[in-house]
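Step one of this worksheet: look at the structure below.
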2 protein chains.
Amino acid sequence: MRKVTSIHADCVAAIAGWITGGVYPPGTTLPIEPALCSELGVSRTVVREAVKTLVAKGLLTTGPRVGTRVQPKSSWNLYDPDVIDWRFAAGVDEDLLRDVIDLRLTFEPAACEFAARRASAEDLARIELAYADMAAAVDGHGRYFAADIDFHTSILAAAHNQFFAALSPLITAILKVSIRLSVRNRDGAAASLPLHRAVADRIAARDPEGARLAMQRLILGAREDIDRGGPVDPAFIVIAGVGR
Amino acid sequence: MRKVTSIHADCVAAIAGWITGGVYPPGTTLPIEPALCSELGVSRTVVREAVKTLVAKGLLTTGPRVGTRVQPKSSWNLYDPDVIDWRFAAGVDEDLLRDVIDLRLTFEPAACEFAARRASAEDLARIELAYADMAAAVDGHGRYFAADIDFHTSILAAAHNQFFAALSPLITAILKVSIRLSVRNRDGAAASLPLHRAVADRIAARDPEGARLAMQRLILGAREDIDRGGPVDPAFIVIAGVGR
DNA sequence: TAGATCGTATCATACGATCATTAATATGAG
DNA sequence: CTCATATTAATGATCGTATGATACGATCTA
C-alpha cells in the first residue's frame with residue numbers, strides 16, 4: 001500500500017548491500033554509471049546521489065577516469081548508524097564481534113560512572129521504567145529484549161555526554177545479535193535480570209565505582225552467553241534477521 | 001595555481017559552515033533549492049547532491065512541502081571526521097570540550113591496555129618513532145605537536161580494534177585545540193614529554209594496567225593545562241584556526 | 001461555530017540529454 | 001629507454017521538464 005522507501009533510499013541500500021555483502025569488496029571498482037543505472041533500473045541522477053551518500057559515509061570514492069572505488073573498511077564511518085546496520089545485516093564475523101564487545105567493555109562501564117554522577121530524576125525514572133518492563137516480561141522474549149535495549153540506551157543518555165549517547169545505534173545492533181543468539185538458552189533472561197538490577201541500583205545510589213563494576217559484570221555475562229554457543233555462525237545471524 | 005576542492009565539496013562545506021556556524025541552527029529550514037543555487041552560484045544538481053551528503057551525515061532532512069530542515073545535534077553523526085572538523089572549525093564551546101575530554105579519559109587509557117596486550121613489533125616501532133620525533137622537537141612547536149598527534153594515533157592503531165582506530169580524527173581535532181591553547185605556557189612540551197615516555201614504556205613492557213594509568217595521567221595533565229588558562233574562550237579557538 | 005474533508009500550491013523527486021573536466025593510458029619524439 | 005604529448009574513458013556539472021507527495025487553506029458538513 002504505502003511506499004515507505006524512496007527510490008534513492010532503495011538505491012543506497014542496494015549498493016551498500018553489494019559492498020558489505022562481498023559482491024564488491026574493498027579495493028574493487030563499481031561498474032560505470034550507465035551500467036549501474038540499467039542494473040538498478042533508475043536514472044543516472046539517482047545513482048549519482050546514492051553514490052554521493054555512500055561517499056559521505058566513507059564507503060566509496062569517485063574520480064574521473066578512475067571510476068567508483070570501494071574504500072577499505074578503515075575508511076568507513078564505523079559509528080554511522082546506517083553503516084552499522086548494513087554491516088550487521090551482512091553477518092557478524094568474529095573480528096567485528098570481538099571489537100564491539102571490547103568497545104562495550106570500555107564505554108558502557110564508563111557511561112555508568114558518569115550516569116551515577118550526573119543522572120537527573122528523569123534519567124533515573126527512565127532507567128527504572130526500562131527495568132520494570134524487563135522484569136514484567138521475563139518470559140515474553142520480544143518485549144523483554146526491547147526493554148533491554150531501552151535499558152542500555154537510557155544509561156547512555158543518562159551519562160549526559162553527546163558522544164556516549166551517539167553510541168546507542170551500535171549497542172542496539174549488537175544487542176539484537178545477542179538476543180537472537182541467546183534464544184538457545186531460554187533462562188538467559190531470568191539470569192541477567194539481577195545483573196541489570198544491580199546496575200540500576202548502583203547508579204541510583206550515586207555510586208560510580210559500583211555502577212562501573214556492575215555493568216562490567218553484566219557485559220561479561222553476555223559475553224559468556226555468546227561464547228557458550230561456540231563460534232558464531234554468520235549464516236545463522238543473517239537468517240535471524242538482524243537489522244530492519 | 002591548484003584547484004584542490006571540487007564544486008561539490010565547496011558547496012557541502014559552505015552549507016555545513018552555515019549550520020555549525022549558527023546561520024541556520026537546528027530546527028530551522030534552509031532556503032528553497034533555487035535560492036540556494038543563486039546564493040552559492042551553482043546548479044541545482046550540485047545543491048541536491050550536497051544536501052544528500054549532509055543528509056547522510058545526519059545534519060539535514062528533506063521532504064516535499066517541508067523543505068530542507070536542520071536536524072538537532074543529537075541526530076548528527078558525531079564521529080564523522082567531516083562533522084568533527086566542521087564543529088571544531090566553528091569554535092569549541094565548553095560542553096563540547098568537556099564531552100571530548102570525558103571521552104578521551106574513557107577511550108585512550110583503554111586503548112593503552114589493549115595496545116599493551118596486542119601491539120606488534122611494528123606498532124611499538126611506530127609509537128617509538130613518534131616519541132623520538134617529539135623528543136627531537138621539544139623546542140620547535142610545529143613538529144612537536146605533529147609528532148604528538150602521531151603518538152596518540154599510533155596507540156589507537158596498536159589497540160587492534162577498528163572502532164578505536166576510527167577515533168583518530170576526533171583525537172586529532174581535540175589535540176589541535178590543545179596545541180593552540182598550550183602556546184601560552186611555553187614549557188608545556190618539555191613537561192609532557194616524560195608523561196609520554198611513561199606511556200610508551202608501559203606498552204612496550206606489556207603492562208596493561210601501568211599503561212592505562214600512564215595515559216590517564218597524561219590526559220589529566222593536558223586537562224590541567226587547559227584549565228590553567230581559565231574558561232575557554234571560543235573566539236580565541238576560532239582565531240587559532242583549528243581545522244584546515 | 002467546530003470539525004472533517006477536499007483542493008491546491010509548493011516544494012522535493014526523478015528523468016534525460018548535453019557539455020566540461022580529469023587522469024590513466026597509449027603514442028610519439030628524442 | 002625516458003619523458004613529453006595526445007588520446008580517451010570515466011566522473012563532474014548544467015539545464016529543462018515532468019512527476020509526486022504533502023502542508024496549508026478553503027470549503028463543506030454536522
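Chain identifiers are assigned alphabetically (A, B, ...) following the order of the sequence lines, protein sequences preceding nucleic acid strands; residue numbering begins at 1 within each chain.
- Under the salt bridge (charged side-chain N to carboxylate O under 4.0 Å, His left out) criterion, no residue pair touches residues 165-174 of chain A, with sequence neighbours excluded.
- For the atom pair B/Phe107 CZ and A/Phe107 CZ, the distance stands at 6.0 Å (nearest 0.5 Å).
- Shown here are the side-chain hydrogen bond (donor to acceptor under 3.5 Å, both in side chains) partners of B/Glu128, two or more places apart in sequence or in another chain: B/Arg197.
- Taking atom CG of residue A/Asp10 and atom P of nucleotide C/dT13, one finds them 14 Å apart after rounding to whole Å.
- Inter-residue side-chain proximity for B/Asn77 and A/Lys57 is flagged as met; some heavy-atom pair is nearer than 4.5 Å.
- Listed by residue number, the members of residues 29-41 of chain A with any heavy atom below 4.0 angstrom from DNA chain C form an empty set.
- Looking at A/Arg126 and A/Ser154, their side chains do bring a donor and an acceptor atom within 3.5 Å of each other.
- Atom CZ in A/Arg48 sits about 14 Å away from atom P in C/dC15, given to the nearest Å.
- Between A/Thr68 and D/dA10 there is no side-chain N or O to OP1 or OP2 distance below 4.0 Å.
- Between A/Glu49 atom CD and D/dT14 atom P the separation is 14 Å, expressed in whole Å.
- If you check residues 57-67 of chain B against DNA chain D, the residues with a heavy atom closer than 4.0 Å are B/Pro64, B/Arg65, B/Val66, listed by number.
- B/His8 and B/Thr53 share a donor-acceptor pair across their side chains, judged by distance under 3.5 Å alone.
- Close to D/dT11, at under 4.0 Å from its OP1 or OP2, lies no side-chain N or O of A/Lys52.
- No side-chain donor-acceptor contact under 3.5 Å links A/Asp150 and A/Thr153.
- One finds a salt bridge joining B/Asp102 and A/Arg118 here, because a Lys/Arg side-chain nitrogen approaches an Asp/Glu carboxylate oxygen to under 4.0 Å.
- Between A/Ser6 and C/dT13, a side-chain N or O to OP1/OP2 separation shorter than 4.0 Å is absent.
- Here B/Phe114 and B/His160 keep their ring centres 6.0 angstrom or further from each other.
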Scan nucleotides 15-18 of chain D against the protein and return all N/O pairs shorter than 3.5 Å with their distances rounded to 0.1 Å.
residue: D/dT17; atom: O4; partner: B/Arg44; partner atom: NH1; Å: 3.3

With a cut-off of 3.5 Å and sequence neighbours excluded, list every side-chain donor-acceptor pair involving residues 15-31 of chain B.
residue: B/Thr20; atom: OG1; partner: B/Ala16; partner atom: O; Å: 3.1
residue: B/Thr28; atom: OG1; partner: B/Pro25; partner atom: O; Å: 2.6

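- With rounding to the nearest 0.5 angstrom, the CG atom of A/Asp80 is 11.5 Å from the CG atom of A/Leu170.
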